[in-house]
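In what follows, chains are A, B, ... by sequence order, proteins preceding strands, each numbered from 1.
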Protein chains: 2
Amino acid sequence: MPVCPKCSQPDGVMKAGFVRGRQRYFCKGCAYHFTEAKPAVPERKRYQATLADVARAVGVASSTVSRALNGHADISPATRQAIQEAARQLDYHPNFLAQSLKRRETMTIGVVIPDIERPFFATAVSGIQDVATAAGYRVMICQSKESYEAEVSNVQALIANRVDGLLICHSRETENFDHVKEPARRGIPVVHFDRVCNEVNSAKVILDDRQGAFAITEHLIEQGCRRIAILAGPPSLLISRQRQAGYLGALRKHGLPTSEELCAHINFRTESAVAALDAWLALPEPPDAIFAINYTNAFDLLIALKQRGLRVPADMAIVGFGDEFMAMLIEPGLTTVDLHPFRIGQQAARLFLEQMTQKELFEPRTCIIPGELIIRQSSLKSRG
Amino acid sequence: MPVCPKCSQPDGVMKAGFVRGRQRYFCKGCAYHFTEAKPAVPERKRYQATLADVARAVGVASSTVSRALNGHADISPATRQAIQEAARQLDYHPNFLAQSLKRRETMTIGVVIPDIERPFFATAVSGIQDVATAAGYRVMICQSKESYEAEVSNVQALIANRVDGLLICHSRETENFDHVKEPARRGIPVVHFDRVCNEVNSAKVILDDRQGAFAITEHLIEQGCRRIAILAGPPSLLISRQRQAGYLGALRKHGLPTSEELCAHINFRTESAVAALDAWLALPEPPDAIFAINYTNAFDLLIALKQRGLRVPADMAIVGFGDEFMAMLIEPGLTTVDLHPFRIGQQAARLFLEQMTQKELFEPRTCIIPGELIIRQSSLKSRG
DNA sequence: TTAATTTACGCCAACGAATGCGTAAACTTA
DNA sequence: TAAGTTTACGCATTCGTTGGCGTAAATTAA
């Protein structure tokens, strides 16, 4: 038996249960319970000054320090000065955790995106941070890597972090949206952007795939193209259907025939893009322009055409979608639609802020960020 | 005078000072102080269940709920089941703020980078998240946008958020490093990556510019190039000096002469790259290869050469530095050094974790992530 | 020169979770 | 069956801030 820490005697000490893995004892003489010594906690020390530290240094109450530093009125100039000085000396930084706990808001917004490495999302995140930072909010970014489970766990982690708002672009896999209904139920504003979800009554920011595709197709028509092919994605993908719809709309508006043979549905891989190209080139009447709904495939086409000795845009005009900055670096420059991801991010953040200001009065709405046609060499037949 | 909320009478009520902008009153009869009604707080309600809510539902103490959900030993199976069930019913999520406050750790690491839109950093962040997430840490990302002030304010915000660690890549402007000494003093592990700071005794992850430049230059030499030019940056830039040193080292090792006329120092703009190229082409004996230390300039060169009717690599080999994925998309594919930003991020996060585990025993060290030569068409003279 | 006010603080109870300590009741053991 | 043990919990405090409420002292008004 160990000695009793009160009387320093082993007499009368007996076992008294197990508490969380540690043997407990009871000293009959002192009527005192105690446990074995802890397995020695090295205890990393954090020298973070607290309000109480500042208060002690100045000789006031911590509430006075709080009020002084937060600019409340009823603090004498002398005290305020002394407190500010001491805070600087001690290098006091308010603990956001404690503040947030007390104020019941974290001034943090959570962002869930599929993949930060994709330029579109990186730029959108930048747009979000631009607006959020200006409004005093911090941003916590999570990547789903296009996995439904990762997305759900991201959302839950953000809820547990008590973010003040949630901006989300769903993963491709996501079909069940219960995880975004929860924050909404809890009164946490949710804003969808890019890939939205109509099951949830949230504010949304989307880009207008259809209008963009329409505009770029019309541009090709204006350049004199008459047999315009489209390199689309799997029909199951919404953006693919939308962009195709814009393309078809432009053809119809200008009285051009639409044909099945000029619509290819590929999986976005280089090989399938090249295969589609070769099929088109083998036609008795090949297309004079190709609209690739994915910019990487547009690059694939440019390279493949060059290898086949065809000139762009003279023999074949090429346009892409999504103005990542390499569209400008490549030769010839690629005509695309700039989707303005930065603006999309900004708008999503603004919708969140609006919701915070208007509270219950806020009526969720959908903002459409129009794409912008960026004309470069790859489509300029008239001048090419 | 307003009525006293106790006796509902206006008699005996008198003013009693101003508290934080609101008039206060004192009812003599009731000896009761009160203030004007608040300006009606709409109070956004958050329906976040707490331990106490769960405890109430089950009819136990909140401490029991805490222990049950955290898997402590001394909870009866029946109680634990009931608690888990109730927690699920109420959709309880522990409040990380409260947890962090109590546990004095946030399980969050702060990352400061110049710009998330640059592929190198986006990928590095991904690497950090990869390791951090696996270890149960969350990541808070801040961008300095290459501004010293923004960087300082980011670091302070992260300290205020009580992050458990700080991974930082300095802005170009940063010359004073006091802001990173602070967290170190406070016991917050700091890891530098890419752009490090030697004034602080922190763990560091760097890439080996010199070795990479050496390798890629040597590769050109092996391809039969004998007059290799370098498109460097301003001599004030460390990476520029390092890469140039590697380049010079390779030339010397292979007994090739070095010449001033083959070294251009530019500001990374397209125009200055093209100007340097034209100057070289005008030489009596133009170079047969160019090493652009910045990959965007390598693209500029490829385009300019094409416009001037020169073939790559037959007439001129081109190599870049930094394997952003467009290096592969362009035609001809660009030979580069892959700097492995993902690995850099991973390693930075690992160094942080190591420091958390070893505490005071941790000895800061510097890890060098070697670059990897990626050979593509733009330099393949022997096969070209 | 009292009485009414105001100033400038202090005290203390939250916020939500974790945890040391205490203990009634159940269970063993001698 | 009485004493020793263990089980399964409850109580109360703590983390750092905030803010309602109270009040001695200073100031002003009557």
Side-chain angles (χ1 to χ4, degrees), chain A residues 12-20 22-26 28 31-35 38 46 48-55 58-70 72-80 83 92-106 160 162, chain B residues 12-20 22-26 28 31-35 38 46 48-55 58-70 72-80 83 92-106 160 162:
Chain A
V13 171
M14 48 197 191
K15 288 193 194 169
F18 242 69
V19 175
R20 276 176 287 293
R22 289 195 287 146
Q23 180 64 59
R24 291 187 64 233
Y25 301 94
F26 180 69
K28 273 205 286 192
Y32 182 65
H33 280 268
F34 61 96
T35 57
K38 275 202 212 174
R46 292 278 172 87
Q48 303 276 27
T50 68
L51 278 186
D53 294 327
V54 179
V58 183
V60 295
S62 61
S63 54
T64 303
V65 178
S66 168
R67 288 193 268 257
L69 296 177
N70 287 313
H72 285 246
D74 56 350
I75 300 292
S76 72
T79 309
R80 189 188 301 271
I83 287 174
Y92 167 79
H93 288 251
N95 185 326
F96 281 168
L97 298 170
Q99 270 185 345
S100 302
L101 184 61
K102 185 73 208 188
R103 293 188 180 151
R104 326 190 95 237
E105 65 176 0
T106 51
R162 298 297 190 268
Chain B
V13 172
M14 47 198 189
K15 288 195 193 168
F18 242 70
V19 176
R20 277 176 286 293
R22 287 195 288 146
Q23 180 63 59
R24 291 188 62 231
Y25 301 93
F26 179 69
K28 275 205 286 195
Y32 183 63
H33 281 267
F34 61 97
T35 57
K38 276 200 211 176
R46 291 280 173 85
Q48 301 275 28
T50 69
L51 277 186
D53 295 327
V54 178
V58 182
V60 294
S62 62
S63 53
T64 303
V65 177
S66 169
R67 287 195 266 258
L69 295 177
N70 286 313
H72 284 245
D74 55 351
I75 300 292
S76 72
T79 309
R80 188 186 301 272
I83 288 174
Y92 168 78
H93 287 252
N95 185 328
F96 280 168
L97 298 170
Q99 273 186 342
S100 301
L101 184 61
K102 185 76 217 200
R103 292 190 178 148
R104 326 190 93 236
E105 64 175 2
T106 53
R162 298 297 191 270

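At least one side-chain heavy atom of Y92(B) sits less than 4.5 Å from a side-chain heavy atom of L69(B). Side-chain contact check for T64(A) versus T79(A): some heavy-atom pair is nearer than 4.5 Å.
Within 4.0 Å (heavy atoms only), S100(B) reaches no atom of the nucleic acid at all. Within the nucleic acid shown, F96(A) has no heavy atom closer than 4.0 Å to any nucleic acid atom. Residue V60(B) is in sugar-phosphate contact alone, with no base atom involved, counting any heavy-atom pair closer than 4.0 Å across all strands shown.
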Identify the pairs formed between an N or O of the protein and an N or O of nucleotides 12-15 of chain D at a distance under 3.5 Å, and give each distance.
{"unit_1": "dT14(D)", "atom_1": "O2", "unit_2": "K102(B)", "atom_2": "NZ", "d": "2.5"}
{"unit_1": "dC15(D)", "atom_1": "O3'", "unit_2": "R104(B)", "atom_2": "NH2", "d": "3.4"}

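The phosphate of dG16(D) (OP1 or OP2) has no side-chain N or O of S66(A) nearer than 4.0 angstrom. Taking 4.0 angstrom as the limit, Q99(B) places a side-chain polar atom (N or O) nearer than this to OP1 or OP2 of dA18(C). Within the structure, every side-chain polar atom (N or O) of Y92(A) is placed at least 4.0 Å from both OP1 and OP2 of dG16(D). Side-chain N/O atoms of T64(B) include one lying less than 4.0 angstrom from OP1 or OP2 on dG10(D). Applying the 4.0 Å criterion to OP1 and OP2 of dT18(D), one finds that N70(A) has a side-chain N or O inside that range.
Here the shortest heavy-atom pairing between R162(A) and P94(B) reads NH1-O, 3.8 Å. Nearest heavy-atom pair across Q48(B) and D53(B) is O-OD2, 3.9 Å. The nearest pair of heavy atoms linking A55(A) to A61(A) is CB-C, 3.7 Å. Taking both residues in full, the closest heavy atoms of S62(A) and L51(A) are given as O-CD1, 4.0 Å, listed atom of the first, atom of the second, then distance.
In this structure, the nucleotide among dT18(D), dC9(C), dC9(D) sitting nearest to the side chain of D74(A) is dC9(C). Distances were taken from every side-chain heavy atom of R67(A) (C-beta onward) to each of dT18(D), dC11(C), dA17(C); the shortest belongs to dC11(C).
When rounded to the nearest whole Å, the span between CD1 of I83(B) and P of dC9(D) equals 7 Å. Distance L69(A) CG to dT18(D) C1': 13 Å, rounded to the nearest Å. The separation between E105(A) atom CD and dG16(C) atom C1' is 17 Å, rounded to whole Å. Rounded to whole Å, atom P of dT7(D) lies 13 Å from atom CD1 of I75(B). Put simply, CZ on R103(A) is 17 Å from P on dG16(D), counting in whole angstrom units.
R162(A) contributes no side-chain N or O that forms a donor-acceptor pair with the base of dG16(C) under 3.5 Å.
A distance of 9.5 Å separates OG1 in T50(A) from CG in N95(A), rounded to the nearest 0.5 Å.
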